[in-house]
Engineer: 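My questions will all concern the structure given below.
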Amino acid sequence: VCSSDLLNRNTSKVSPFISARVVMEDSKRRLWIGSNDEGLAYQNAQRSSLTLVNDDLPSKSIRSIIEGNNGDIWIGTSNGVVVYDTNNNLSKIGGLEYNGLQDATIVRLYCDIYGAIWATTTAGNVYRYTKRDGVFRIYKPKFLQGVIVSIVFQDSMGYMWFGLRNNSVYRVKTTELFADDTDIHLQQYVGQEGFISQSEINTFMEDDNKNIWNTVRIIFRICNSNI
């Protein structure tokens with residue numbers, strides 16, 4: 001997408017939507033655009049054509065778009081998750097419920113290095129999908145009881161990070177994700193002056209020095225020397 005296109009709001013080249021919410025470029029250089037309530041579209045690698053993908057979407061409110069390890073496109077909506085596979089088939093993934101209630105309003109999706117898909121919901125729950133399971137399954141270990149999770153991230157050293165809305169940041173080894181609670185070596189981080197504890201974690205990023213950056217109302221860094 002050219003900066004001039006964005007500045008000129010040339011919607012025939014950039015977006016067919018009045019209000020775009022999320023943008024993602026996949027490994028084929030297709031540009032995926034999700035809207036607040038108008039659906040989903042993608043441009044081809046040459047940016048010469050635009051394709052709407054609204055048929056069979058459970059909702060036209062697009063919350064998150066990621067690419068899986070096998071090239072499938074995962075789309076989180078306000079009413080569940082669908083997968084747009086490499087054969088251009090769209091299918092909905094089940095399992096987003098907790099205590100018998102539907103919990104399908106997605107906040108973010110994330111694909112870890114093993115190809116598992118993680119989903120966080122507005123209810124603050126975390127779900128995990130694997131090809132073996134074929135559906136999402138709730139991930140609710142003891143250390144996540146009673147907290148609201150906004151984002152999940154995996155760093156290059158194999159740790160999973162959980163950003164919370166009402167507490168702090170948790171880090172746990174990937175190998176301990178499904179261990180007995182007494183065997184989990186949990187690390188908790190809280191920002192200075194309570195910045196993290198008062199705000200929702202919006203973003204995780206790892207830099208070349210393996211420092212972890214996240215954003216709340218400010219940009220916050222967890223230095224590698226402190227991990």
Side-chain angles (χ1 to χ4, degrees), residues 22 24 34 40 56-59 61-87 89-188 200-204:
V22 59
M24 189 275 291
L40 176 72
D56 299 323
L57 283 178
S59 168
S61 179
I62 310 301
R63 303 304 182 96
S64 183
I65 308 171
I66 63 168
E67 182 173 5
N69 284 2
N70 61 353
D72 291 345
I73 305 300
W74 292 74
I75 303 124
T77 77
S78 62
N79 188 31
V81 177
V82 293
V83 180
Y84 191 83
D85 67 23
T86 53
N87 295 317
N89 298 314
L90 196 68
S91 55
K92 187 173 182 179
I93 306 299
L96 293 171
E97 61 179 44
Y98 183 59
N99 286 340
L101 300 176
Q102 187 178 28
D103 182 22
T105 303
I106 301 300
V107 175
R108 287 178 183 85
L109 299 173
Y110 182 77
C111 180
D112 68 24
I113 61 175
Y114 305 107
I117 304 297
W118 296 78
T120 58
T121 67
T122 53
N125 291 320
V126 181
Y127 296 83
R128 183 174 180 267
Y129 170 95
T130 64
K131 186 175 181 180
R132 182 181 62 182
D133 290 335
V135 295
F136 280 102
R137 298 195 183 279
I138 188 77
Y139 178 70
K140 203 75 170 177
K142 185 176 181 180
F143 70 89
L144 290 183
Q145 297 288 334
V147 300
I148 300 175
V149 180
S150 59
I151 189 169
V152 177
F153 172 76
Q154 186 177 44
D155 66 26
S156 61
M157 295 187 290
Y159 287 91
M160 294 298 299
W161 296 75
F162 299 89
L164 313 182
R165 288 189 211 165
N166 60 352
N167 196 346
S168 55
V169 175
Y170 287 153
R171 186 189 75 156
V172 62
K173 290 181 180 179
T174 302
T175 55
E176 296 178 353
L177 282 172
F178 299 95
D180 185 90
D181 290 322
T182 58
D183 296 327
I184 292 179
H185 300 86
L186 186 68
Q187 181 67 52
Q188 182 178 11
E200 176 180 343
I201 304 296
N202 294 312
T203 306
F204 277 113

Engineer: Take a 6.0 Å sphere around NZ of K140 and say whether it holds more than 12 heavy atoms from other residues, nucleotides or ligands.
Structural biologist: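 Atom NZ in K140 is packed in, count exceeds 12.
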Engineer: Find out whether V152 and D112 are in side-chain contact, i.e. whether some heavy atom of one side chain is under 4.5 Å from a heavy atom of the other.
Structural biologist: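 V152 does not reach D112 side chain to side chain.
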Engineer: First locate atom OH of Y129, then atom CG of L96, and finally report the distance between them rounded to the nearest 0.5 Å.
Structural biologist: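 With rounding to 0.5 Å, OH (Y129) is 12.0 Å from CG (L96).
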Engineer: Under the side-chain contact (heavy atoms from CB on, under 4.5 Å) rule, what do Y127 and D103 come out as? Steps first, then yes or no, please.
Structural biologist: CA-CA 10 Å; Y127 296 83; D103 182 22; 2.7 Å; yes
Engineer: Should I151 and V107 count as side-chain neighbours, where that means a heavy-atom distance under 4.5 Å?
Structural biologist: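 Of all side-chain heavy-atom pairs linking V107 with I151, none is under 4.5 Å.
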Engineer: With a 4.5 Å heavy-atom cut-off, do S78 and R63 have their side chains touching?
Structural biologist: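 Sidechains of R63 and S78: in contact.
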Engineer: Any chance you could measure D72, atom CG, to N89, atom CG, to the nearest 0.5 Å?
Structural biologist: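 The distance works out to 10.0 Å.
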Engineer: To the nearest 0.5 Å, what is the distance between CZ (F136) and CG (N125)?
Structural biologist: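 Separation between the atoms: 13.0 Å.
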Engineer: Determine, step by step, whether L40 and T77 satisfy the side-chain contact (heavy atoms from CB on, under 4.5 Å) criterion, reporting the C-alpha distance in whole Å, the side-chain angles of both residues, the deciding distance to 0.1 Å, and the verdict.
Structural biologist: CA-CA 10 Å; L40 176 72; T77 77; over 6 Å; no
Engineer: For F153, run the side chain to side chain contact (heavy atoms under 4.5 Å, CB included) check against F162, F204, Y159, W118 and tell me which one passes.
Structural biologist: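 Result: among F162, F204, Y159, W118, F204 is the only option passing the side chain to side chain contact (heavy atoms under 4.5 Å, CB included) with F153.
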Engineer: Looking just at side-chain N and O atoms, do N87 and D85 make a donor-acceptor pair shorter than 3.5 Å?
Structural biologist: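 There is no such pair between these side chains.
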Engineer: Only one of D155, V126, V172 forms a side chain to side chain contact (heavy atoms under 4.5 Å, CB included) with M160, so which one is it?
Structural biologist: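 Among D155, V126, V172, the one meeting side chain to side chain contact (heavy atoms under 4.5 Å, CB included) with M160 is V172.
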